[in-house]
There are 2 protein chains.
Amino acid sequence: MATGHKIPSYRVVYETIRKHIQDEVYKQGTLLPSEHDLCVLYHVTRPTVRKALDALVNEGYIKKHQGKGSIVMGIPKGIGILSITGTTSAIGQDFLKTKIIVKPEIRTWKNAFIFKLTEREKELGCIYMERLRYVNSNPVFYDITMIPNLNLPRFTSRSFENKSLFDILRKHYQIEIKGGAQQILARGADKTLQKYFGVKKGHPVLQLNRRIETNRIDFYLYSQVFCNTDEYVLYGRF
Amino acid sequence: MATGHKIPSYRVVYETIRKHIQDEVYKQGTLLPSEHDLCVLYHVTRPTVRKALDALVNEGYIKKHQGKGSIVMGIPKGIGILSITGTTSAIGQDFLKTKIIVKPEIRTWKNAFIFKLTEREKELGCIYMERLRYVNSNPVFYDITMIPNLNLPRFTSRSFENKSLFDILRKHYQIEIKGGAQQILARGADKTLQKYFGVKKGHPVLQLNRRIETNRIDFYLYSQVFCNTDEYVLYGRF
DNA sequence: TAAAATCACTTGTATATACAAGTTATTATT
DNA sequence: AATAATAACTTGTATATACAAGTGATTTTA
């Protein structure tokens with residue numbers, strides 16, 4: 001199934017350099033090739049290279065110093081749930097296992113939800129699912145995902161074990177994640193969290209309420225993520 | 001005391017539009033003037049306008065749609081401690097009061113700290129301070145700030161009441177904040193937090209460990225922020 | 001020899017231009 | 001009147017170019 005989408009060249013440059021940092025072709029602490037050299041390498045002009053580097057700076061892969069060059073910082077450490085790509089890519093799929101608690105099913109919206117829903121979203125109802133995610137066999141994330149029930153054929157019958165929700169949305173429905181907003185708070189564990197995380201009542205748990213924006217206008221995903229940060233803390237750049 | 005720094009025009013465009021969104025000259029839900037119109041308005045070219053808009057998109061002030069325009073999203077709601085500018089600008093200085101718990105003083109580094117320090121940083125020692133911050137008279141943030149003791153004359157004798165640390169660093173020492181990395185976790189309140197937040201022992205509190213990068217190479221600020229999220233949650237974009 | 005000036009590099013800012021591609025209103029067609 | 005084509009907008013991508021400004025090594029000067 002070819003997408004037919006042409007990949008912009010700044011994206012190619014970004015992805016390649018990112019991969020090279022990941023694979024330690026460009027090693028931590030060293031200087032990246034100069035912008036001019038990258039231009040020659042990728043047959044693009046400086047603004048294009050700079051757009052790619054800007055993204056890498058934002059995500060913490062590199063750091064720039066005027067007059068000196070771009071220093072490779074390496075892969076952002078920790079669990080980068082605050083980044084756009086979601087949990088899976090951030091800590092490496094190898095160490096993340098997913099267990100479905102509630103299979104995707106059509107429901108009415110939880111009215112206790114934090115974000116205001118549009119009338120259209122309320123009408124549609126939502127696809128609801130719950131997942132528990134393990135990092136190195138420890139339950140670390142418990143997440144509730146709600147997606148407006150808008151023209152996503154066969155969605156509820158798909159398998160999500162060890163698959164990224166975002167990947168499925170992109171491949172089968174051409175939905176791209178573009179960013180989002182989130183609330184972050186600390187709370188005590190309730191019965192559900194006690195059960196899944198194996199902690200005492202009131203144990204401090206991180207909660208994230210997220211509204212995720214997509215390439216489809218007025219189409220948002222909603223998720224509530226609970227994290228047990230006892231062993232794995234969240235990490236982010238700003 | 002004139003800084004002598006020339007402000008880049010993309011910055012001027014960014015600041016002006018940002019201000020206009022804040023002052024509701026550009027109202028939420030409406031379309032921003034087109035990039036072309038902004039070019040005429042500010043006497044700059046499109047790449048310059050786009051650079052300003054990119055920053056506004058990143059911070060959640062606007063959202064762009066190809067073929068349509070840039071939609072004004074309004075001021076990012078909540079307490080945007082995850083953003084680069086710090087607490088003060090995020091919730092509006094009017095509602096934030098600061099109380100100094102420990103005045104800036106020279107100390108050796110807390111060795112229990114999370115980030116690895118360089119030898120140079122260890123030698124220098126650090127300027128240490130503790131602050132309690134109130135939002136609408138409620139104690140919400142308790143933060144410990146550590147700054148390498150590197151050529152910051154008279155720093156320990158300055159007043160920090162209701163002043164932004166970042167502003168002081170910029171105005172008096174020409175130190176600009178460029179970004180940073182942070183860990184986020186949920187933890188139970190200890191005796192100190194109980195005292196300042198007026199909560200029970202073990203009450204869930206958000207903790208942020210931050211390393212803040214500056215325009216001076218190898219000069220970082222370190223801070224540990226504790227947040228009582230019972231009434232005011234943190235907010236961020238990704 | 002030590003300090004100052006220069007040069008060659010780096011990234012930062014800005015312009016001018018072109019075309020691709022998505023959206024919306026208008027116009028022409030059926 | 002409903003539909004299709006078009007035109008006029010919008011943002012997205014990309015090039016080519018120029019100069020400013022920070023860094024570090026080299027060369028010149030005192």
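Computed over heavy atoms, backbone and side chain alike; hydrogens, waters and symmetry mates excluded. From a predicted model like this one, the values you see are computed outputs, not experimental measurements.
In this view, B:His36 satisfies the ring pair (Phe, Tyr, Trp, His ring centres under 6.0 Å) rule with no residue, not counting sequence neighbours. In this view, B:Lys68 satisfies the salt bridge (Lys or Arg N to Asp or Glu O under 4.0 Å) rule with no residue, not counting sequence neighbours. Take B:Tyr14 and apply the ring pair (Phe, Tyr, Trp, His ring centres under 6.0 Å) test, not counting sequence neighbours, and it matches no residue. For A:Thr214, the side-chain contact (heavy atoms from CB on, under 4.5 Å) partners are A:Ile175, A:Ile177, A:Arg216, A:Phe219, A:Leu221, not counting sequence neighbours. In terms of the ring pair (Phe, Tyr, Trp, His ring centres under 6.0 Å) criterion, residue partners of A:Tyr26 (sequence neighbours excluded) are, by chain and number, A:His20.
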- Item | Contact state string [nucleotides 5-12 of chain C, B base, S sugar-phosphate only, - no protein heavy atom under 4.0 Å] | -----BBB

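The one candidate from A:Tyr220, A:Tyr222, A:Trp109 that meets the side-chain hydrogen bond (donor to acceptor under 3.5 Å, both in side chains) condition with A:Glu121 is A:Tyr222.
The CG-P distance, from B:Leu31 to D:dT10, rounds to 10 Å in whole Å. With rounding to whole Å, B:Ile7 atom CD1 is found 16 Å from C:dA14 atom C1'.
For B:Ser9 and C:dA14, the shortest distance from a side-chain N or O to OP1 or OP2 is below 4.0 Å. The side chain of A:Thr48 contributes no N or O atom lying less than 4.0 Å from OP1 or OP2 of D:dA14.
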Identify all side-chain donor-acceptor contacts of residues 44-56 of chain A below 3.5 Å with residues at least two apart in sequence or on another chain.
residue : atom : partner : partner atom : Å
A:Arg46 : NH1  : A:Glu35 : OE1          : 2.4
A:Arg50 : NH1  : A:Glu35 : OE1          : 3.3
A:Arg50 : NH1  : A:Glu35 : OE2          : 3.0

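Applying the salt bridge (charged side-chain N to carboxylate O under 4.0 Å, His left out) test to every pair with at least one member in residues 22-32 of chain B, sequence neighbours left out, gives these pairs: B:Lys19-B:Asp23.
End-to-end axis angle of the helix from C:dT1-D:dA30 to C:dT30-D:dA1, using five pairs per end and rounding to 10°, comes to 10°.
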